Amino acid sequence: MWGIIATWRMALEGVTESASALAAGTRAASAVVDAVAAVEDFPFYKSVGYGGLPTENGDVELDAAFMDGDTLAFGAVGNLVDIANPVRVAHALSRQRYNNLLVGQGAREWALNQGFVSKTMLTDRAMQHYRKRCRETLDKGLSPYDGHDTVGIIGLDKHGSMSVATSTSGLFMKKRGRIGDSPIMGSGFYCDSETGAATATGVGEDLMKGCASYEIVRRMAQGMTPQQAADSVVFELEDKLMSRFGRAGDLSVVCMNNKGEFGAATNIKTFSFTVASAHHPLTVYRAERQR
Ligand code: SD4
C-alpha cells in the first residue's frame with residue numbers, strides 16, 4: 001500500500017510526481033519533501049517558498065517542517081529568509097540529535113553552513129500583492145491577514161513508513177518574527193507510522209490552540225476513522241474557540257492512516273485537497289464545510 005494527501009490544489013504537480021515515485025517504491029520521506037519543494041519552487045503559489053507573501057515590512061520569512069513517522073524525528077524552521085527550499089532545511093534538521101527547530105538568523109546561518117544556497121525569495125509579483133494589500137487595508141478596511149495557504153503533504157510508502165512536511169510564508173502581512181502552526185509539531189503537523197499523520201492549514205494562532213494535528217492522530221489511534229478524526233477535531237475546536245475565545249479563524253485539515261485511508265475537514269466554505277493511493281486515483285477534491 002502507498003498513499004499521499006496534500007492541502008490545496010497547488011500541491012497537484014508535486015503530488016503527481018511523488019505519487020508515481022511512491023508507487024515505484026520511493027520512501028515516504030523523500031516523496032513528501034520533494035513534493036513540497038516543488039510547490040516552494042513555483043513562483044506563482046503566492047504563500048509558499050519562492051514568491052511567498054511578505055511580512056508587514058515587505059520581507060519574506062518562511063516556515064517549514066518535516067517529521068518522520070518511524071522515528072518521530074522532526075526538523076523545522078521559522079522565519080527563514082532567502083534560502084531556496086525551507087523544507088529541505090527542515091528535513092536536514094530532522095537528522096540532528098538537538099536543535100531541531102531553528103528560527104531567523106540562526107536558521108539561516110545553519111542552512112548556509114550546511115551548503116544550502118542563498119536565494120532572494122521576494123518576487124516582483126509578491127511585491128505587487130504587498131503594495132496592493134497596503135492600499136486595500138487603508139482604503140477598504142480589508143484585513144491585512146486575509147489570503148494565505150500552507151502546503152502540507154503526508155506520504156505513506158510501500159514499506160509502511162509515513163512522513164509529513166509543511167511549508168508556508170504564513171499570514172500575509174504578519175509581524176516580523178511571527179510564527180504560525182506550520183513549523184510547530186502537533187499543531188501544523190504530526191506523524192506516527194504506527195497510526196497515521198495529519199497536517200493543517202488556516203489561522204495558525206487558532207490551530208495551535210487545539211494542537212490540531214496531534215489531536216487527529218491521537219483520535220485515529222483510539223479507533224476513529226480519518227474522516228471522523230478530522231471532522232471531530234475541526235468542529236470541536238471551532239465550537240471551543242467560539243465559546244471561549246469569541247471567534248474562530250479558518251481551520252482546515254487533511255489526514256491519512258497507515259492503511260492509506262484518508263480524511264479532510266474544513267470550517268471554511270471550500271477547501272481543496274489532493275489525494276492518491278494504491279487504491280485511489282489521483283484526485284483533487286473540494287471539501288465543503290459539513291457539520
Ligand atoms: C500560518 N497556518 O502561518 C499558516 C497559514 C495558512 O492557510 O495555512 N494559511 O498560520
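When reading the values below, keep in mind they use all heavy atoms of this one structure, side chains included, and skip hydrogens, waters and symmetry mates. Remember, it's 1-based here, ligands and their atoms both numbered in the order they're listed. Note that the coordinates shown come from a computational prediction; the quantities given were computed from them, not determined experimentally.
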### Query
Relative to F245, does K240 satisfy both conditions: NZ or CZ under 6.0 angstrom from the six-membered ring centre, and within 45 degrees of the ring's axis?
no

- Can we say R178 and E205 salt-bridge, meaning some charged N sits less than 4.0 Å from an Asp/Glu carboxylate O? yes

In ligand 1, the atoms that come under 4.0 Å of a heavy atom of G170 are 3 (O)

Notebook entry, point to check: Any salt bridge between D59 and R176, counting N to O under 4.0 Å?
Noted result: yes

Ligand 1 atoms nearer than 4.0 angstrom to some heavy atom of S182 are 2 (N), 4 (C)

- Donor-acceptor pair, S187 side chain versus D181 backbone, under 3.5 Å? no

Residue, atom and distance of the protein heavy atom nearest atom 2 (N) of ligand 1 read D181 OD1, 2.6 Å

query: Are R219 and E236 ion-paired here, with the side-chain N under 4.0 Å from a carboxylate O?
result: yes

*Below 3.5 angstrom, do we get any N/O pair linking G202 and ligand 1?*
yes

* Asked: Looking at E136 and R131, does any basic side-chain N land under 4.0 Å from a carboxylate oxygen?
  -> no

Q.
Pairs of nitrogen or oxygen atoms closer than 3.5 Å, one from L207 and one from ligand 1: do any exist?
A. no

query = Do any nitrogen or oxygen atoms of D63 lie less than 3.5 angstrom from nitrogen or oxygen atoms of ligand 1?
reply = no

Does the N or O separation between T150 and ligand 1 drop below 3.5 Å for any pair? yes

TODO: Give yes or no for whether the N/O distance cutoff of 3.5 Å, strictly under, is met between R178 and ligand 1.
DONE: yes

Atom 9 (N) of ligand 1 has as its nearest protein heavy atom H148 ND1, 2.5 Å

Taking both backbone and side-chain atoms of W8, is any N or O found less than 3.5 Å from an N or O belonging to ligand 1?
no

Review point. Does the cation-pi check pass for R133 over F172, that is, NZ or CZ under 6.0 Å from the six-membered ring centre and within 45° of its axis?
Key: no

